[in-house]
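To find a chain, count down the sequence lines: A is the first, B the second, and so on, and within it residues start at 1. Everything numeric here is computed off the predicted structure, so don't read it as measured data.
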Amino acid sequence: MTRGRAFPAALFVALVIVLAFLTLPIVAIFVRSSPGELVAALDDPGVLDALWLSLRTTLIALAIIVLVGTPAAYALATRSFRGKAIVTTLVELPLVLPPAVAGIGLLAALGPAGIVGGAIEDAGVRLALETAGVVVALTFVAAPFFIRGAQVAFASVDRTWLEASRTLGASEARTFLRVAIPAAAPGMLAGLALAWGRAVGEFGATLIFAGSFRGRTQTAPLAIYERLGTDFTAALALAAVLVVVSASLLLTAKLVGGSQVADVAR
Amino acid sequence: MSPSALRRAVLLAAAALVLPLALAACGSSGNGRDDLLVSGATSLKRAFTEYGERFSVANVQLSFAGSDELAAQIRSGAKPDVFAAANTKLPEQLFAEGLVEKPRVFAANKLVLAVLDNDTRTRAIEDLAEPNMTIAVGAPGVPIGAYTRKVLGRLPASTRRRILANVRSNEPDVGGITAKISEGAVRAGLLYATDVAASNGRLRAIELPPELQPDVAYGVAIVKGSKRRGAARDFVVGLLRGDGADALRAARFEPPPGS
């Protein structure tokens with residue numbers, strides 16, 4: 001026996017333990033029930049409603065995140081201003097915030113009794129317990145994933161390209177649209193895929209702020225929770241669908257993002 | 001890789017993995033008493049928390065969720081020592097499945113219509129059918145949701161339909177319903193009388209007519225295979241007479257029917 005071999009062996013064993021621990025729950029979802037049972041369980045109108053609602057609300061949230069988040073990320077990547085570090089930290093805060101905190105914060109802010117919720121309500125917009133509230137919750141928790149990804153991607157665009165574009169007479173807006181965005185696209189897409197994955201999985205903030213109502217606010221994770229006590233197979237089937245969706249999104253992020261993904265996921 | 005090097009590495013990694021788990025699992029809280037794990041329906045939170053503090057035989061560790069959720073946990077192998085549900089159906093089912101010992105009924109409750117204390121417009125369950133009403137109820141699988149559907153089932157079909165059209169959320173436990181009403185996200189909900197009593201005056205209870213009132217009985221059972229069976233038995237006995245019964249009465253639970 002030699003000392004030199006113990007360390008590599010320990011690394012290897014640790015990796016095996018990590019892999020086994022992290023994949024075991026995923027494997028269990030697929031082997032606990034037969035594939036036939038899982039597919040049959042999907043033939044439940046409530047399950048399909050939940051998947052359809054998840055698809056719609058996450059896509060709307062992503063559209064909002066991209067429209068507002070892209071210029072915001074560009075500003076963070078290209079401007080320096082006093083307090084920028086604080087702004088960046090505040091934008092990233094939802095990444096580490098417990099979802100239950102996000103939910104109760106949204107309720108305290110935008111609920112009917114919230115600090116600005118009353119004004120929103122007077123304007124005729126109701127968010128709490130509505131589909132729009134689901135979109136708000138998803139946007140809140142997922143936005144930082146995209147903004148961070150886009151910011152890193154914009155920051156890594158070669159400055160000389162942007163300067164060349166300006167020198168050739170393009171406005172800054174045109175430079176942003178025609179040069180910066182195409183150059184940063186892979187990193188932005190990777191951030192988008194991660195944001196989508198986070199939005200699909202959102203549970204706590206949605207339950208607290210938007211409640212759980214089939215077809216209106218009950219997204220796939222909430223439908224899993226509701227079925228846990230009554231129909232475990234259906235809950236497993238939904239979980240299996242979400243595993244496939246999430247894995248596809250992660251794979252997409254890795255494929256399109258290339259090396260920029262490592263920065264986004266950091 | 002030499003066998004002994006591998007063995008050493010495995011031991012090292014196993015120790016690194018097992019040590020924190022062992023620390024987390026042997027949850028003796030420092031005063032030498034055993035931990036007694038009690039999982040209870042969310043509506044029992046106030047009464048059980050108070051009882052748990054007074055219980056001298058063991059350190060009571062409480063876990064609250066919808067009764068159906070807790071039953072599902074027991075079915076999938078999570079083993080508390082005591083399971084207390086907001087109905088008798090779930091403990092009886094687990095008993096039939098051989099997962100818990102014979103359950104006992106230890107308390108009764110009433111369903112009420114709950115609104116904010118300053119809501120003077122809502123007076124009776126028929127008001128839930130008004131067009132601009134918003135309601136939170138329990139999900140069908142959790143006892144509060146099942147009782148609520150029983151109440152609604154005793155109403156005329158047209159009233160029931162209009163009430164169901166006003167439901168904005170099917171919550172996984174009573175805590176969710178209480179919060180939705182308190183925060184003004186909905187105007188009313190069906191809750192247990194004890195939930196309103198625990199809201200410190202924020203909510204107001206409107207009693208249901210006797211012909212709509214379902215029988216709400218709470219069942220408790222010792223989970224089979226409990227390693228602290230003696231303490232679990234003491235805990236259950238105390239719910240029927242003693243500190244537990246006192247805490248239940250203080251939280252406005254009624255004595256079990258026929259006692």
Heavy atoms under 4.5 Å from chain A: which residues of residues 169-179 of chain B carry them?
->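 Near chain A, by residue number: B/Ser169, B/Asn170, B/Glu171, B/Pro172.
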How about residues 137-153 of chain B versus chain A: which residues have heavy atoms under 4.5 Å apart?
->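 Listed by number: B/Ala139, B/Pro140, B/Gly141.
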Contact class of [X] relative to chain B, heavy atoms under 4.5 angstrom:
| X | result |
| --- | --- |
| A/Glu130 | side chain |
| A/Tyr225 | both |
| A/Ile104 | neither |
| A/Arg227 | neither |

Atom [atom1] of [X]: over 12 foreign heavy atoms under 6.0 Å:
| X | atom1 | answer |
| --- | --- | --- |
| A/Ile86 | CD1 | no |
| B/Lys89 | NZ | no |
| B/Arg123 | CZ | no |
| A/Arg216 | CZ | yes |
| B/Leu155 | CG | yes |
| A/Arg126 | CZ | yes |

Apply side-chain contact (heavy atoms from CB on, under 4.5 Å) to A/Leu129 and B/Thr134, showing your working.
-> CA-CA 10 Å; A/Leu129 305 195; B/Thr134 52; over 6 Å; no
What are the two closest non-hydrogen atoms of A/Phe213 and B/Arg168, and how far apart are they?
->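 So the two residues come closest at CB-O, 3.3 Å.
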Euclidean distance, A/Ile208 CD1 relative to B/Glu183 CD, rounded to 0.5 Å =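 Those atoms lie 11.0 Å apart.
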Max heavy-atom pair count under 4.5 Å with chain B, selected residue of A/Gly211, A/Ala128, A/Ser212 |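 Of the options given, most contacts go to A/Ser212.
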Name all residues meeting the salt bridge (Lys or Arg N to Asp or Glu O under 4.0 Å) criterion together with B/Glu101; count only those two or more places apart in sequence or in a different chain, and write none if there are none.
->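 If we apply the salt bridge (Lys or Arg N to Asp or Glu O under 4.0 Å) test to B/Glu101, skipping adjacent residues, the hits are B/Arg229.
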Applying a criterion of heavy atom separation less than 4.5 Å, what residues of residues 39-60 of chain A form contacts with chain B?
->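 If one takes a 4.5 Å heavy-atom cut-off, no residue of residues 39-60 of chain A lies near chain B.
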So what's closer than 4.5 Å to chain A heavy atoms on B/Ala185: side chain, backbone, both or neither?
->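 Both parts, heavy atoms under 4.5 Å.
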